[in-house]
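Structure record follows, encoded as structure tokens.
Quick caveat: nothing in here was measured; it's all calculated off a predicted structure.
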Amino acid sequence: MGVSIVDPVEWQEMFAGLDTLLRYAAGERLKEGLPVVVRTAPRHTATAYDPEWRWLIGHQFFFALLQGVIVGLNCYLEAAPAGGGEADGELAADADGGVRVAAAFMRSSAAAIKFTADFGPVDYDARIRPAMSPPSVREGFSGLQTRDHAHLISLFARLRASAAAHGDGPASEAFEEFVEATVTAYEAHKFICSRFGGDVLPSLRMAAASRGRSTQAGITALRQLMRARLFALTPDDSPARAVVPTSYLGEATAGRGKRPSCVTPTTTQSEVK
């Protein structure tokens, strides 16, 4: 318990989104991804700790970081030409910077979800999973039900259309960086799912939906969800689609200045897993 499964790079990336947003709001051009200065992550194992508190605070932090992703994507979409085509000059720089902010926050969220689950599987089984089941919460409770997550996914279709219109335009490389960061976030969720028995057991949401009859492992459902989300995000035969691992998409896809007003996150009210 503490920081034992988060490596030094992830420890830095957990805070990189906030730093990137401040740089962007100050007018700094983010032509390249923020370099991570690797410092030793604190290592601490306490004899007395509270997994429920880590799970709660960690998820609150995670959803705050999702707001940062939404801010960056809103900035990207606001700077993109409404009728398609490529932005140029100031708008191009804003589009590029906005999507890099989103990518930095997505990487931060990946590190945060690992930090959130930095306790033993025994504690998860005995204390966390029961707390996410009736009567503590409604049956089938899941972080996928939050309005933050729903709004983020609704942006993916708009991003796909915008990326297709831009082609190899100024923000193309930054968009690929965002897709890579999204893959990293899903990988972190896979890691936690497996850590807490999801490679064998169904998720609480799946178990509730099937009334206890589901035998599909949670991580299998997560892979299917990842595939659908990444298809929704990346245009066919685009450079962004090419950065997604083939194993995620299936064999069929192999080979294939002044800050804008968007620097205000969508007001949502998140639930905690």
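For E52, the salt bridge (charged side-chain N to carboxylate O under 4.0 Å, His left out) criterion is met by R127, not counting sequence neighbours. For T184, the side-chain contact (heavy atoms from CB on, under 4.5 Å) partners are A110, not counting sequence neighbours.
Considering T20, V69, N74 as possible partners of V101, the one that fulfils the side-chain contact (heavy atoms from CB on, under 4.5 Å) test is T20.
Between the S108 side chain and the G17 main chain, a donor and an acceptor come within less than 3.5 Å of each other. In this structure a side-chain-to-backbone donor-acceptor pair under 3.5 Å is missing from R54 to T116. The backbone N or O of R223 sits nowhere less than 3.5 Å from a side-chain atom of Y186 that would complete a donor-acceptor pair. Judged purely by atom type and a 3.5 angstrom limit, H59 uses its side chain to pair as donor or acceptor with the backbone of W55.
In this structure, F156 CZ and T234 OG1 are separated by 10.0 Å, a value rounded to the nearest 0.5 Å.
Residues D96 and A174 approach most closely at OD1-CB, 3.5 Å, considering heavy atoms. Smallest separation of non-hydrogen atoms from I192 and K114: CD1-CA, 4.0 Å. Scanning all heavy atoms of the two residues, the minimum distance from V6 to A111 falls at CG2-O, 4.3 Å. Annotation for R129 and D125: closest pair CB-O, 4.4 Å, computed over non-hydrogen atoms. A103 and A181 get closest at one heavy-atom pair: O-CB, 3.5 Å.
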Inset, instruction - I would like to know whether K190 and C193 meet side chain to side chain contact (heavy atoms under 4.5 Å, CB included); could you show each step before the answer? - result: CA-CA 5 Å; K190 280 175 55 182; C193 186; 5.5 Å; no
Legend entry - Test log, rule side chain to side chain contact (heavy atoms under 4.5 Å, CB included), inputs L66 and F105: CA-CA 7 Å; L66 283 193; F105 271 106; over 6 Å; no
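At a threshold of 4.5 Å between non-hydrogen side-chain atoms, the residues R195 and I5 count as touching. Using a 4.5 Å heavy-atom threshold, the side chains of L233 and F175 count as touching. Looking only at side-chain heavy atoms (C-beta outward), E78 and C75 stay at 4.5 Å or farther from each other.
The aromatic ring centroids of F119 and F196 lie less than 6.0 Å from each other. Residues F62 and H149 keep their aromatic ring centres 6.0 Å or farther apart.
Hydrophobic clustering keeps L73 apart from L22 (ILVMFWY residues linked when any side-chain heavy atoms are closer than 4.5 Å, directly or through intermediates).
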